*Asks:* 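My questions will all concern the structure given below.
Please read all numbers here as calculations on a predicted model, not as lab measurements.
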Amino acid sequence: MTRRSDRLNDRQGDLLERIADGDDLSNPESAPLRVSAHALQSRGLIAISKRKGFFAATITDVGRYYLRHGYHPENDRPSGWYAAGDSQNAEELISRLSKTKSGTVRVAEPDEKTRAAYRGAVYAARRSGLVPEGQAIRYTGRSEGDIVVRLLDTDEDADTDWYRIRQQARKSKAENKKLPQQDLSQLLIDNPAALQVSPGQWERAMQFLIDLNAAAARHDQEVRLTRRGEHAKLGYRIGTEKWELTLAEEYLNSRGGPADYWEIKSSYCKTTPTGKLRLTIGAYQGATNTHTWQDQNRSPLERRIRSIITDIKASHEEAARKAEDDYRKHQAYLAEANRKRMEERRQWEQITASAWPQAQAMLQRRTMVAALDAWRNAQDLREICTILDDTAAAAERAKDPHSATNLRNWCRVGRELADRLDPTTGPASLANLAFDVEPGADDLRPYLEGWSPDGPHQDYQRKPVEQLSLSKPWPSDWELGTLPLDHQSQR
């Protein structure tokens with residue numbers, strides 16, 4: 001059975017770093033990774049939101065702890081549970097990292113044995129405290145691609161620099177996975193549904209895509225068929241990323257206005273093709289880097305192939321810059337949120353530390369008041385028992401043995417109760433009661449200025465003082481035989 005604190009496998013470790021870099025897996029292409037994301041969520045490493053139907057994953061404090069230290073904070077295994085050889089490799093690795101100018105070690109195309117050795121060394125370095133104070137060891141290439149290990153300072157600039165390294169490593173992995181060549185012309189013939197055009201424009205649309213693909217190949221771009229059959233779909237590869245591509249013809253509806261997709265597909269709506277083509281390319285539908293080109297009277301799509309490729313390249317580069325900027329902002333947001341959490345905890349700890357002796361003094365005073373009540377009750381009991389003794393003696397002199405016996409029985413019960421109530425003697429005395437009373441949650445609330453006694457956050461269930469369930473640290477014997485319950489509740 002897998003525990004929350006167990007080590008992640010290589011696939012999960014790579015995914016955790018990917019989410020830490022700002023990828024929320026909301027892109028449709030990331031859908032296959034969401035099963036592993038749920039496994040990370042079950043361990044508390046990431047949080048998943050499905051608000052309004054959109055999937056979004058974000059790393060948690062526990063996840064950042066795992067990346068920084070190499071183990072789950074709940075891991076209770078001893079520090080030396082890694083292999084014995086890993087410790088020696090860890091020392092050698094830290095020494096190499098410290099001697100390099102950039103603090104980086106890179107291994108190109110390692111074999112599986114080398115990968116395993118580096119995995120163990122990085123893990124052992126984190127667990128055995130070999131990483132210098134104020135620095136962190138980061139690692140990529142657990143399962144594929146080049147191995148990159150870096151010793152960096154724990155600040156925002158270093159994290160951003162590591163983000164660039166991670167992105168470049170991912171590109172290298174993707175470049176090593178060459179997509180199979182496609183015969184675009186034949187694929188379009190076999191899958192006509194990929195082109196959303198009328199029969200009169202089909203030849204032109206196919207030739208335009210072939211020309212676009214030939215020109216794009218010189219810039220590491222490519223038109224591809226990503227889905228075949230009745231629901232055939234086109235795509236566009238730029239570098240190592242896969243974008244969506246749609247080539248459609250514009251139609252007019254029966255009212256003479258532009259027809260939408262459903263009007264074109266519906267057999268109940270009359271639409272007329274215009275012969276004008278519209279090309280759309282973007283990371284995914286609705287993305288900010290989606291671009292659309294349309295036929296113009298003096299400038300059909302065929303004459304704009306060069307500018308289309310240039311626009312896509314510029315958009316791709318801008319998306320990369322925006323991703324890095326978003327990552328920097330995300331890191332700044334996390335740092336500010338962490339600063340606020342630390343400040344709130346500091347304030348909470350300070351107020352709690354001040355509230356503790358106040359609540360303790362309040363309980364000590366309440367205990368003394370309860371002791372005073374118990375002592376008075378004990379004294380009153382002893383006094384009445386003395387009177388009852390005198391009354392019993394008078395009954396004996398009056399030749400009424402029944403009344404005398406009955407009164408002495410009541411005296412015996414009264415004195416026993418008085419001994420139990422008396423806070424100065426016996427098992428229930430103050431001598432047997434701890435002076436340093438530990439306050440409960442409700443005891444602290446009046447002194448916390450709105451903070452919760454359970455943690456550094458506001459007390460959303462704040463109660464009026466009269467509704468608080470204050471502790472009763474005195475013995476229950478003090479309350480035996482006292483006044484009725486309705487009177488006790490008012491005390």
Side-chain angles (χ1 to χ4, degrees), residues 348 350-455 459-491:
W348 176 76
Q350 183 177 358
I351 291 177
T352 302
S354 175
W356 187 275
Q358 297 181 68
Q360 193 174 61
M362 178 269 295
L363 290 177
Q364 290 166 350
R365 291 192 298 270
R366 293 187 71 233
T367 302
M368 282 304 301
V369 171
L372 178 60
D373 288 343
W375 180 79
R376 285 172 176 170
N377 289 334
Q379 294 301 99
D380 289 345
L381 279 170
R382 290 187 177 112
E383 184 177 348
I384 195 174
C385 286
T386 301
I387 297 172
L388 290 175
D389 272 338
D390 294 341
T391 307
E396 286 179 343
R397 289 192 297 270
K399 306 300 182 178
D400 187 1
H402 175 75
S403 297
T405 302
N406 202 38
L407 288 170
R408 285 196 169 88
N409 286 337
W410 282 115
C411 284
R412 177 178 52 81
V413 173
R415 287 192 173 94
E416 289 176 355
L417 181 57
D419 291 341
R420 295 183 65 180
L421 288 174
D422 195 340
T424 63
T425 61
S429 71
L430 285 169
N432 298 322
L433 191 63
F435 179 75
D436 296 326
V437 184
E438 182 174 348
D442 274 4
D443 302 324
L444 291 168
R445 279 190 166 91
Y447 310 101
L448 290 178
E449 301 177 12
W451 290 88
S452 170
D454 303 319
D459 192 358
Y460 301 111
Q461 298 181 350
R462 194 173 181 182
K463 307 174 185 176
V465 176
E466 58 271 12
Q467 294 182 8
L468 295 176
S469 300
L470 300 179
S471 300
K472 294 183 177 181
W474 52 84
S476 58
D477 288 344
W478 290 5
E479 300 182 1
L480 292 176
T482 56
L483 296 176
L485 293 176
D486 58 346
H487 185 79
Q488 291 182 40
S489 61
Q490 297 174 9
R491 286 169 46 186

*Asks:* Can you confirm whether Leu421 sits close enough to Leu381 that some side-chain heavy atom of one is under 4.5 Å from a side-chain heavy atom of the other?
*Replies:*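 Yes, close enough: below the 4.5 Å cut-off.
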*Asks:* Could you go step by step and tell me if Thr367 and Trp478 meet the side chain to side chain contact (heavy atoms under 4.5 Å, CB included) rule?
*Replies:* CA-CA 10 Å; Thr367 302; Trp478 290 5; 4.2 Å; yes
*Asks:* So Leu430 and Thr424, do their side chains get closer than 4.5 Å, heavy atoms only?
*Replies:*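 They are not in contact (no side-chain heavy atoms under 4.5 Å apart), so the answer is no.
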*Asks:* Are any side-chain N or O atoms of Asp373 and backbone N or O atoms of Ala370, one a donor and one an acceptor, separated by less than 3.5 Å?
*Replies:*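 No; judged by distance alone, with no hydrogens or angles, the pair does not exist.
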*Asks:* Which heavy atom in Val437 sits nearest to a heavy atom in Pro439, and how many Å separate them?
*Replies:*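 Minimum heavy-atom contact is O-CD, 3.3 Å.
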*Asks:* Before giving the answer on side chain to side chain contact (heavy atoms under 4.5 Å, CB included), spell out for Asp422 and Trp375 the whole-Å C-alpha distance, their side-chain angles and the decisive distance to 0.1 Å.
*Replies:* CA-CA 5 Å; Asp422 195 340; Trp375 180 79; 3.7 Å; yes
*Asks:* Which pair of heavy atoms, one from Asp443 and one from Ala359, lies closest together, and at what distance?
*Replies:*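 The pair with the smallest heavy-atom distance is O-CB, 3.4 Å.
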*Asks:* How far does CD1 of Ile351 sit from CH2 of Trp451, to the nearest 0.5 angstrom?
*Replies:*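 Rounded to the nearest 0.5 Å, the CD1-CH2 separation comes to 6.0 Å.
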*Asks:* Quick one: does Leu468's side chain get under 4.5 Å of Pro446's, heavy atoms only?
*Replies:*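 Yes; the side chains approach each other to less than 4.5 Å.
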*Asks:* Decide yes or no for Glu438 and Trp356: does some side-chain heavy atom of the first lie under 4.5 Å from some side-chain heavy atom of the second?
*Replies:* yes
*Asks:* From Asp477 CG over to Leu417 CG, what is the distance, rounded to the nearest 0.5 angstrom?
*Replies:*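 Between atom CG of Asp477 and atom CG of Leu417 there are 9.0 Å.
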*Asks:* State, to 0.1 Å, how close Ser471 and Gly440 come at their nearest heavy-atom pair, and which atoms those are.
*Replies:*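 For Ser471 and Gly440, the tightest heavy-atom pair comes out as OG-N, 3.9 Å.
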*Asks:* Taking all non-hydrogen atoms of both residues, which atom of Ser354 and which atom of Gln358 are closest, and how far apart?
*Replies:*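 Shortest heavy-atom separation between Ser354 and Gln358 comes out as O-NE2, 3.0 Å.
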*Asks:* Please report the interatomic distance CG(Leu407) to SG(Cys385), rounded to the nearest 0.5 Å.
*Replies:* 10.5 Å
*Asks:* Please determine, by modelled atom types, if Arg382 and Gln379 share a side-chain donor-acceptor pair under 3.5 angstrom.
*Replies:* yes
*Asks:* State, to 0.1 Å, how close Ser403 and Ala395 come at their nearest heavy-atom pair, and which atoms those are.
*Replies:*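 Here Ser403 and Ala395 meet closest at CB-CB, 4.2 Å.
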*Asks:* So, taking the atom named CZ in Arg420 and the one named OG1 in Thr425, what distance separates them when rounded to the nearest 0.5 Å?
*Replies:*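 Arg420 CZ to Thr425 OG1: 12.5 Å, rounded to 0.5 Å.
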*Asks:* Which pair of non-hydrogen atoms, one from Pro423 and one from Ala371, has the smallest distance, and what is that distance?
*Replies:*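 Closest approach of Pro423 to Ala371: CG-O, 3.2 Å.
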*Asks:* Looking at Asp389 and Arg415, is any side-chain nitrogen of the basic one under 4.0 Å from a carboxylate oxygen of the acidic one?
*Replies:*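 Answer for the salt bridge query: yes.
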*Asks:* Return the OG to CG distance between Ser469 and Asp442, rounded to the nearest 0.5 Å.
*Replies:* 5.0 Å
*Asks:* Do any N or O atoms from the side chain of Ser452 and from the backbone of Asp454 form a donor-acceptor pair under 3.5 angstrom?
*Replies:*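 Indeed, once roles are kept as given, a pair shorter than 3.5 Å links the two residues.
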*Asks:* If you count heavy atoms of other groups shown closer than 6.0 angstrom to CG of Leu372, is the number above 12?
*Replies:*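 Check passes, neighbour count above 12.
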*Asks:* Rounded to the nearest 0.5 Å, what separates atom CD1 in Ile384 from atom OG1 in Thr391?
*Replies:*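 Going from the CD1 atom of Ile384 to the OG1 atom of Thr391 covers 9.0 Å.
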